[in-house]
Amino acid sequence: MRTSIEDEVVKLFNEKYGNDLFTRIDKLKEETKELFDAYIEIERCNTKENILHFIDELSDVQGVLSHIHSLFASDNDKALLNCIIKNKCREIDPNYLKQNKQ
């Protein structure tokens with residue numbers, strides 16, 4: 001179930017950017033690059049300002065991910081639950097849900 005905050009980001013992003021998956025994936029690539037660039041700045045100089053910049057970029061990535069989840073009638077809770085289940089199952093079967101099983 002989406003939270004009211006997720007509902008707000010989905011509404012905002014639908015209005016601003018539409019709901020085309022391919023353009024949203026392009027936006028995710030852009031935001032992820034900015035996140036990694038911010039991380040590089042922390043590696044160079046671990047300051048409070050750089051950490052805050054990293055957290056800001058992390059929020060942008062989270063917003064885009066929430067929007068993409070909504071395109072599939074999913075939400076953050078479902079995604080996190082899936083991640084937990086997958087990780088727990090991989091304790092038993094390391095190839096659980098992997099595309100290229102060894």
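Counting begins at 1 with the first residue of the sequence.
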Shortest non-hydrogen contact from V64 to E31? CG2-CG, 4.0 Å
Is there a donor in the side chain of H67 and an acceptor in the side chain of N14, or the other way round, less than 3.5 Å apart? yes
Please round to the nearest 0.5 Å and tell me the distance separating atom CG of L81 and atom NZ of K86. 12.0 Å
State the CD1-OH distance between I85 and Y96, to the nearest 0.5 angstrom. 7.0 Å
Heavy-atom closest contact (V10 atom, S66 atom, distance): CG2-O, 4.0 Å
Please answer: with hydrophobic residues joined when any side-chain heavy atoms are less than 4.5 Å apart, are L65 and F36 in the same cluster? no
Looking at every non-hydrogen atom in both residues, tell me the closest pair between K78 and A73 and how far apart they are. NZ-O, 3.4 Å
Heavy atoms, side chains only, cut-off 4.5 Å: are I51 and K48 in contact? no
Please find the pair of heavy atoms, one from L21 and one from L71, that lie closest to each other, and give the distance. CA-CD1, 3.9 Å
With rounding to the nearest 0.5 angstrom, report the OG1 to NZ distance, T32 to K27. 11.0 Å
Minimum side-chain heavy-atom gap I5-E8 below 4.5 Å: no
Please answer whether the main-chain N or O of N19 pairs with a side-chain N or O of T23 as donor and acceptor at a distance below 3.5 Å. no
What verdict does the side-chain contact (heavy atoms from CB on, under 4.5 Å) test give for E34 and V61, after you've listed the backbone C-alpha separation in whole Å, the side-chain angles of each residue and the deciding distance to 0.1 Å? CA-CA 9 Å; E34 291 174 8; V61 169; over 6 Å; no
Which heavy atom in L35 sits nearest to a heavy atom in L58, and how many Å separate them? CD1-N, 3.6 Å
Does the salt bridge (charged side-chain N to carboxylate O under 4.0 Å, His left out) test come out yes or no for R44 and E41, once each step is laid out? CA-CA 5 Å; R44 289 184 189 153; E41 289 303 314; 2.9 Å; yes
As an exercise, state the distance from CG of D75 to OG of S70, rounded to the nearest 0.5 Å. 10.0 Å
Within-4.5 Å side-chain heavy-atom neighbours: C89 and L97: no
Between F72 and F13, is there a shared hydrophobic cluster once you connect ILVMFWY residues whose side-chain heavy atoms come closer than 4.5 Å? yes
Is any side-chain heavy atom of E57 closer than 4.5 Å to one of D60? yes
Give a yes or no on this: more than 12 heavy atoms of other residues, nucleotides or ligands lie within 6.0 Å of atom CD of E49. no
Given E30 and K33, is the salt bridge (charged side-chain N to carboxylate O under 4.0 Å, His left out) satisfied, shown in steps? CA-CA 5 Å; E30 174 189 324; K33 182 188 178 317; over 6 Å; no
Non-hydrogen side-chain atoms of K98 and R90 separated by less than 4.5 Å: yes
Does I68 offer a backbone N or O that forms a donor-acceptor pair with the side chain of R24 under 3.5 Å? no
Distance in Å, H69 NE2 paired with D77 CG, rounded so as to fall on 0.5 Å steps: 10.5 Å
With hydrophobic residues grouped by side-chain heavy-atom distances under 4.5 Å, do I42 and L52 end up in a single group? no
